[in-house]
Amino acid sequence: MKKDFFDKVYSIVKKIPKGKVTTYGHIAEVCGIKSSARTVGWALNLAKNSNLPCHRVVNRFGELTGKIHFGDINLMEDLLKSDGIEFDDNGKVNLEKHLWIPKNSKVHKKINNDKLSKKKLHP
DNA sequence: TAATTGACCGCAC
DNA sequence: TGTGCGGCCAATT
């Protein structure tokens, strides 16, 4: 059982400040497995049993993809709202306002917010 | 034991 | 320009 990066994921998720959210990709990158963002989801999957704020972890699109496994969908959204997270008309999180990046490791790369806007998740 | 899945992301064609 | 595919780690069946 290595779950070495698992521990990192937990630490990072735990460090997520209130009113902020992060994405799998960023966590994965900080953990050193940016190519394996899926594994981060697995970590959270096991973490959902812990006190980790999984609801603050969303995908790059700001969608609450993990709400399904989180348990109560409404609860997850409610928790985020309680933290002050704002949702758009699509029920997604405003990454522009609440996107938080873990500064544990060296941040050699910039966030591609442009791509997010470029993709423009059509409704 | 081995193969497949799983809350994803980035790149290639 | 849009679509599809591969990759990574671990747990599960």
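Keep in mind that the numbers below use all heavy atoms, side chains included, and drop hydrogens, waters and symmetry copies.
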Looking at residues at least two apart in the chain, or sitting in another chain, which of them share a salt bridge (charged side-chain N to carboxylate O under 4.0 Å, His left out) with A:Lys14? none
Taking salt bridge (charged side-chain N to carboxylate O under 4.0 Å, His left out) as the definition, give me every residue that meets it alongside A:Glu86, ordered by chain and number, with sequence neighbours left out. A:Lys97
So what does A:Asn59 hit on the nucleic acid, given a heavy-atom distance under 4.0 Å: a base, only sugar-phosphate, or nothing? sugar-phosphate
Sequence-distant partners of A:Arg56, salt bridge (charged side-chain N to carboxylate O under 4.0 Å, His left out), two or more places apart: A:Asp83
Separation of atom CG in A:Leu64 from atom C1' in B:dC8, rounded to whole Å: 15 Å
Euclidean distance for P, B:dA7 against C:dT3 (whole angstrom): 23 Å
Only counting residues at least two apart or in another chain, list the ones meeting side-chain hydrogen bond (donor to acceptor under 3.5 Å, both in side chains) with A:Thr39. none
Within the structure shown, what part of the strands sits under 4.0 Å from A:Lys67 by heavy-atom distance: base, sugar-phosphate, or nothing? nothing
Determine which pairs satisfy ring pair (Phe, Tyr, Trp, His ring centres under 6.0 Å) with at least one residue from residues 67-102 of chain A, sequence neighbours left out, and list them in order. A:His55-A:Phe70
To the nearest Å, give me how far apart CD (A:Glu29) and P (B:dC11) are. 11 Å
Of C:dA11, B:dC9, B:dA7, the nucleotide closest to the side chain of A:Arg60 is B:dC9
Pairs under 3.5 angstrom, nitrogen or oxygen only, protein versus nucleotides 4-7 of chain C, please.
unit_1 : atom_1 : unit_2  : atom_2 : d
C:dG7  : O6     : A:Arg38 : NH1    : 2.7
C:dG7  : N2     : A:Ser35 : O      : 3.2

Rounded to whole angstroms, how far apart are CZ on A:Phe61 and C1' on B:dC8? 10 Å
Can you measure A:Ile27 atom CD1 to C:dC8 atom P for me and round it to whole angstrom units? 20 Å
Could you grab the distance from atom OG1 of A:Thr22 to atom NZ of A:Lys15, nearest 0.5 Å is fine? 12.5 Å
Hey, does A:Ile68 reach any base, or is it just sugar-phosphate, or nothing, if we go heavy atoms under 4.0 Å? nothing
Gap between atoms CZ and P, on A:Phe6 and C:dC9 respectively (whole Å): 11 Å
Say you pick atom P in C:dT1 and the same atom in B:dC9; how far apart are they, in whole Å? 23 Å
